[in-house]
Amino acid sequence: MDRYKPLDIEKKWQKRWETEKPFRALDPTAKDFDPKKPKKFLAEMFPYPSGAGLHVGHVRNFTIVDVLTRFYAQQGFNVLRPFGYDTFGLPAENYAIKTGVSPKVATETNVKNFRTQLKRLGYYIDWDREINTSDPNYYRWTQWCFLELFKKGLAYQKESYQWWCPEDKTVLANEQVENGHCWRCGAEVEKKKMKQWFFKITAYADELLDEIDSLDWPEKIKTMQKNWIGRSEGAEIDFEVAGASTSITVFTTRPNTISGATFLVLAPEHPLIKSLVTENTREAVEAYCASALKKSEIERQENKEKTGVFTGSYAINPYTKEKIPVWVADYVLIGYGTGAIMAVPAGDDRDREFAEKFGLPVVDWEKDIPKKPLGTPKVTYRMRDWLISRQRYWGCPIPIAYDSDGDPHPIPEDQLPVRIPEVKDFKPDDSGRSALAKAEDWLKVKVFNEKTGKVEEMTRETDTLDGYACSSWYLWRYASPTEKSAAWDPEKIQYWEPLDIYVGADHAVAHLLYIRFWAKFFADEGKLPFREPVKKLLYNGYINAPDGKKMSKSKGNVIDPLDVIDQGYGADTLRTYEMFIGPYDLDAAWNPRSVGGVYRFLSRIYNLAFTKLENSSNNIITRNKVIKKVTSDLSRASFNTAVSTLMEYVNTLYKSGAEKDDIIVLAKLLKPFAPHLSSEILEKYNSDDSWPKLDESLLEEEIVQIIVQVNGKLRARLNVEADLLDDEAKILETALAEENVKKFVPNSPKRVIYVKKSKLLNLVA
RNA sequence: GCGCGAGUGGUGAAAUUGGUAUACACGUAUGCCUUAGGAGCAUAUGCCUUUCGGCGUAGGAGUUCAAGUCUCCUCUCGCGCACCA
């Protein structure tokens with residue numbers, strides 16, 4: 001008997017797909033484009049192609065997209081499922097520093113390896129649309145996006161205290177600091193005062209917040225984004241400094257508690273501190289501010305014990321007209337509100353703690369304050385502008401040059417891309433400038449200076465862009481990946497976008513917020529016909545090692561998906577297993593035995609299709625039920641139950657015998673999960689792969705089972721003709737005639753509940 | 001601390017709208033088969049009970065003819081944010 005040999009089958013089909021390219025998406029400009037077909041655009045969050053190649057987590061992520069893509073393709077949608085690589089970033093650069101291999105070469109190798117591995121999984125990918133963020137043809141347009149933002153004042157420079165990673169020697173965005181540590185290398189971050197580039201994401205804070213509710217995204221992600229944006233409504237109130245002409249502006253969400261404000265607190269970085277200190281306090285205040293700045297953020301977080309120092313100045317409470325002291329304390333943050341607060345110790349735990357520690361007055365605030373407007377109404381956000389400059393080599397160069405005054409000028413569009421110069425030494429240093437600064441010839445550039453009206457020699461910006469900038473528009477590039485005259489072709493964008501389904505397991509606030517921001521910006525520029533780039537988001541769980549721990553090289557518990565395939569299980573088993581492992585959005589632990597179970601399932605299908613076919617049975621009702629269940633399961637992304645339905649079906653067919661239509665339906669429904677085996681079967685049976693049509697009229701069986709409960713407990717099952725379902729009296733009579741029912745209902749039932757839809761009869765005895 | 005989830009057999013889990021709890025798979029047990037394999041096939045498998053039956057979805061209460069599902073309280077675990085005024 002011929003046995004299921006997945007590797008042979010998979011090789012055959014992968015070769016065919018490589019030459020026939022059946023997964024190409026048809027643009028509206030294509031010859032064989034059919035305008036009647038509805039479109040679906042699906043994508044995974046494109047990966048960073050590491051040297052280690054695919055891991056099982058990638059496979060889960062990509063297979064979810066693949067199952068859905070094939071599901072829609074088989075239903076006749078014009079589907080677009082492209083692929084790309086997020087290749088800029090620290091790992092490639094750090095690898096280069098370690099090995100001396102240039103990031104460009106390392107990236108090329110890794111992409112090639114990834115592509116080869118992806119093809120071995122049989123993914124439905126339009127390979128003609130592959131993109132790569134470190135390709136000059138791509139980052140030329142990332143630079144264009146930057147310049148669009150720059151022209152509108154949404155890319156700007158600001159000197160301020162920034163997160164600095166002493167290990168990677170670069171600044172980081174707020175989103176890239178996790179618990180006071182660098183998200184990449186884990187080093188404790190520091191604060192450093194530097195002039196940096198920002199994107200003004202806060203300009204869209206309200207819209208980013210308000211439109212969250214309309215998104216078909218997981219609630220968890222939506223909540224995280226809401227919290228991240230952190231909108232607070234309140235007021236700014238000016239407090240005059242006693243005996244001086246200055247005033248201190250504070251932000252508060254509870255202006256009505258002003259009568260209880262007994263002191264002010266400024267953040268140690270607050271610019272007014274200098275003018276508030278007195279002869280007596282100067283030394284102590286300066287020492288406090290200096291040590292607060294030097295302290296790592298961790299220390300500032302871990303040590304919640306309140307510290308602070310009196311400036312020596314007083315302010316006037318504009319409501320009570322009382323003189324209140326002005327303090328400096330590091331529990332007030334310079335980056336939020338105005339960097340200064342009015343402390344109401346009777347109403348706020350932190351203020352109370354501070355007041356108690358330093359013996360400041362605690363005064364109850366007047367509860368019935370007349371609602372006369374106090375201060376200026378003001379909305380504040382926790383979200384800060386997005387810091388985008390990085391002092392690193394392997395990134396998209398910021399297309400800016402500086403004149404002799406140090407003012408920035410955009411590199412003209414006809415000079416794009418600003419290519420990354422070749423340098424020998426990629427190593428970053430503490431100068432605060434990237435390795436690009438070492439390319440001396442590259443640094444000089446002739447740019448028109450609008451101030452002088454002349455073309456002048458200027459110096460290039462040496463910072464590169466945060467990788468998240470590169471990934472903020474790639475979904476739009478997929479619509480026209482080779483377009484030379486624009487970042488995207490408006491006609492194709494109009495047809496394909498926005499993305500229908502996006503699948504990933506990371507970037508809940510960063511990437512998924514940035515991409516929304518850019519969509520809104522480019523929509524305002526008239527360059528995009530939508531304001532939200534992703535309709536539906538699926539956020540899949542991680543796959544852990546069999547011991548339940550995170551897979552890691554150092555623990556030696558990594559499962560290599562290519563090994564699983566090459567062991568003889570094949571890609572179809574791997575794909576189907578990862579869909580069967582549990583609900584897609586939960587973390588799961590790898591179970592080698594369970595992989596074997598899925599292999600057995602596919603083997604049984606193979607045997608059924610190639611060696612055991614019978615012609616006798618009539619399974620048409622079962623078949624229709626299976627079509628209905630699998631279709632609805634895939635529609636609600638319940639992949640594990642779709643697989644289990646197919647398993648049940650196979651078990652049934654082993655008992656009842658299978659006819660040709662059973663095998664064809666089975667292969668079609670299985671194809672999203674196991675495309676190679678299904679293709680092999682469908683070829684043998686001369687069938688296309690169109691999604692099976694459901695015949696609703698064939699769903700109802702002639703004999704139905706009615707559940708009989710007494711006081712809510714199962715006492716009998718009645719097998720009756722389907723026609724009888726409408727005849728409650730008859731059903732009751734039949735039920736009462738049952739021995740076991742009689743036993744529990746000796747007299748006539750006090751109450752009868754009959755639920756036709758559930759085929760259930762409950763008698764209250 | 002605040003916010004959001006989740007808790008079901010030995011294990012991963014199913015139950016979509018309040019209506020048969022534990023589908024499917026792993027594991028385990030028994031049997032069959034033979035190309036003796038990392039096979040394949042069949043049957044059984046929540047707990048207590050000889051049977052009838054009783055109990056059972058973290059624990060406790062409640063609503064309902066009927067609760068894994070709804071409400072309240074408690075416990076445990078996970079995730080996110082974390083001095084945001």
Side-chain angles (χ1 to χ4, degrees), chain A residues 1 3 178-179 218-228 230-232 234 250-254 257 261 265 300-301 303-306 329-333 335-344 347-351 353-354 380-384 508-509 567-568 577 580-583 585-601 603-604 607 629 632-633 635-636 638 640-651 654-655 705-717 740 743 749-755 757-765:
Chain A
M1 169 165 101
R3 289 177 60 174
E178 295 169 348
N179 241 340
E219 283 307 316
K220 186 178 134 191
I221 308 294
K222 298 210 280 194
T223 307
M224 279 169 74
Q225 291 211 349
K226 282 181 194 170
N227 292 342
W228 185 265
R231 183 187 153 104
S232 292
V250 305
F251 173 74
T252 177
T253 52
R254 298 176 67 193
T257 62
V265 188
R300 270 170 85 160
Q301 277 172 6
N303 183 12
K304 298 239 167 136
E305 178 83 3
K306 294 282 177 292
D330 66 4
Y331 81 94
V332 175
L333 308 174
Y336 185 76
T338 61
I341 61 156
M342 62 175 207
V344 184
D348 183 282
D349 290 343
R350 296 154 303 186
D351 296 345
E353 199 191 319
F354 193 81
T380 312
Y381 305 89
R382 302 167 79 109
M383 181 170 69
R384 318 289 155 85
V509 281
Q567 267 172 49
Y577 168 67
F580 182 63
I581 196 167
D585 55 342
L586 297 186
D587 289 354
W590 189 267
N591 182 346
R593 291 183 195 269
S594 206
V595 179
V598 172
Y599 179 79
R600 196 167 305 134
F601 161 62
S603 254
R604 279 158 69 84
N607 292 343
K629 181 73 162 62
S632 87
D633 279 356
S635 305
R636 66 192 177 101
S638 184
N640 55 331
T641 57
V643 174
S644 76
T645 302
L646 293 173
M647 287 174 167
E648 274 182 89
Y649 186 32
V650 170
N651 292 345
Y654 261 68
K655 291 196 180 88
Q705 188 177 68
I706 292 176
I707 297 304
V708 182
Q709 296 179 334
V710 178
N711 295 333
K713 284 188 176 143
L714 176 68
R715 295 302 178 194
R717 296 162 204 267
N740 207 36
K743 204 167 103 187
K750 287 189 193 119
R751 207 175 150 185
V752 177
I753 295 105
Y754 174 60
V755 188
K757 214 171 78 182
S758 316
K759 293 172 192 152
L760 180 133
L761 182 75
N762 190 14
L763 306 176
V764 183

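Just so we're on the same page: letters track the sequence lines, and every chain starts at 1. Atom set for the values below is all heavy atoms of this structure, side chains included, hydrogens, waters and symmetry mates excluded.
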Notebook entry, point to check: For the side chain of A:I753, counting heavy atoms from C-beta on, which of B:G80, B:C65, B:U20 is nearest?
Noted result: B:C65
Notebook entry, point to check: Should B:A85 form a Watson-Crick or G-U wobble pair with both distances under 3.5 Å, which nucleotide is its partner?
Noted result: none
Notebook entry, point to check: Counting side-chain heavy atoms from C-beta on, which of B:C65, B:C83, B:C79 comes nearest to A:Y331?
Noted result: B:C83
Note to self: Within the 4.0 Å heavy-atom criterion, would you say A:F601 contacts the bases, only the backbone, or no part of the nucleic acid?
What the structure shows: nothing
Next item on the list: Can you figure out which of B:G19, B:A85, B:C41 approaches the side chain of A:L333 most closely?
Entry: B:A85
Next item on the list: Please measure how far the P atom in B:G3 lies from the corresponding atom in B:C72, and state the result in whole Å.
Entry: 14 Å
Item checked: Residue from A:T257, A:V265, A:D348 passing side-chain contact (heavy atoms from CB on, under 4.5 Å) with A:M342 -> A:T257
Check: Is A:R600 near enough to B:G40 that one of its side-chain N or O atoms lies under 4.0 angstrom from OP1 or OP2?
Finding: yes
Note to self: Counting only side-chain heavy atoms from C-beta out, which of B:C79, B:C81, B:A23 sits nearest to A:R382?
What the structure shows: B:C81
Check: If you check every side-chain atom of A:E648, which of B:A42, B:A85, B:C24 has the closest atom?
Finding: B:C24
Item checked: Atom P, compared across B:C32 and B:G78: separation rounded to whole Å -> 49 Å
Checklist line | Pairwise P distance, B:U16 and B:U69 [rounded to whole Å] | finding: 12 Å
Checklist line | Nucleotide paired to B:U45 in any strand shown, Watson-Crick or G-U, under 3.5 Å | finding: B:G27
Note to self: Is the phosphate of B:A82 approached by A:N227 (side-chain N or O, under 4.0 Å from OP1 or OP2)?
What the structure shows: no
Next item on the list: Can you tell me, in whole Å, how much space there is between the P of B:C4 and that of B:A13?
Entry: 24 Å
Check: Any side-chain N or O of A:R3 under 4.0 Å from OP1/OP2 of B:A39?
Finding: no
Notebook entry, point to check: In whole Å, what separates the P atom of B:U28 from that of B:A39?
Noted result: 11 Å
Notebook entry, point to check: Got A:M383 and A:V509 here, is their nearest side-chain heavy-atom distance under 4.5 Å?
Noted result: no
Notebook entry, point to check: Within the modelled atom types, does a donor on one side and an acceptor on the other bring the side chain of A:K629 and the base of B:U16 under 3.5 Å apart?
Noted result: yes
Check: Under 4.0 Å between a side-chain N/O of A:R751 and OP1 or OP2 of B:C65, yes or no?
Finding: yes
Margin query: Taking the minimum atom-to-atom distance to the side chain of A:N762, which one of B:G19, B:A15, B:C81 wins?
Written below: B:G19
Note to self: Using atom C1' in both nucleotides, what's the gap between B:U22 and B:U57 to the nearest angstrom?
What the structure shows: 9 Å
Item checked: Sugar-phosphate only, base, or nothing, as touched by A:K759 at under 4.0 Å among non-hydrogen atoms -> nothing
Checklist line | Spacing of A:D348 atom CG relative to B:G1 atom P, expressed in whole Å | finding: 17 Å
Next item on the list: For A:R384, report the nucleic acid contact type (base, sugar-phosphate, nothing); a contact means any heavy atom under 4.0 Å.
Entry: base
Margin query: Closest approach to the side chain of A:V755, judged atom by atom: which nucleotide of B:A85, B:G19, B:G27 is it?
Written below: B:G19
Next item on the list: Would you kindly give the CD-to-P distance between A:Q567 and B:G38, to the nearest whole Å?
Entry: 14 Å
Next item on the list: For A:N740 and for A:M647, locate the closest nucleotide of RNA chain B by heavy-atom distance; then report the residue assigned to the nucleotide nearer the 5' terminus.
Entry: A:M647
Next item on the list: Respond yes when some side-chain nitrogen or oxygen of A:N607 is under 4.0 Å from OP1 or OP2 of B:C41, and no when none is.
Entry: no
Next item on the list: Kindly indicate whether the side chain of A:K306 and the base of B:C83 share any N or O donor-acceptor pair separated by less than 3.5 Å?
Entry: yes
Next item on the list: Searching all strands shown, indicate the nucleotide that pairs with B:U35 (Watson-Crick or G-U wobble; both distances under 3.5 Å).
Entry: none
Notebook entry, point to check: Just to confirm, is there a sub-4.0 Å distance from OP1 or OP2 of B:C55 to any side-chain nitrogen or oxygen of A:K713?
Noted result: yes
Next item on the list: In whole angstrom, give me the gap between the P atoms of B:A58 and B:A67.
Entry: 15 Å
Notebook entry, point to check: Does a nitrogen or oxygen in the side chain of A:N591 sit under 4.0 Å from OP1 or OP2 of B:U11?
Noted result: no
Margin query: Both distances below 3.5 Å, Watson-Crick or wobble geometry, any strand: find the nucleotide opposite B:G62.
Written below: B:C70
Checklist line | Under 4.0 angstrom between A:S232 side-chain N/O and B:A85 OP1 or OP2 | finding: yes
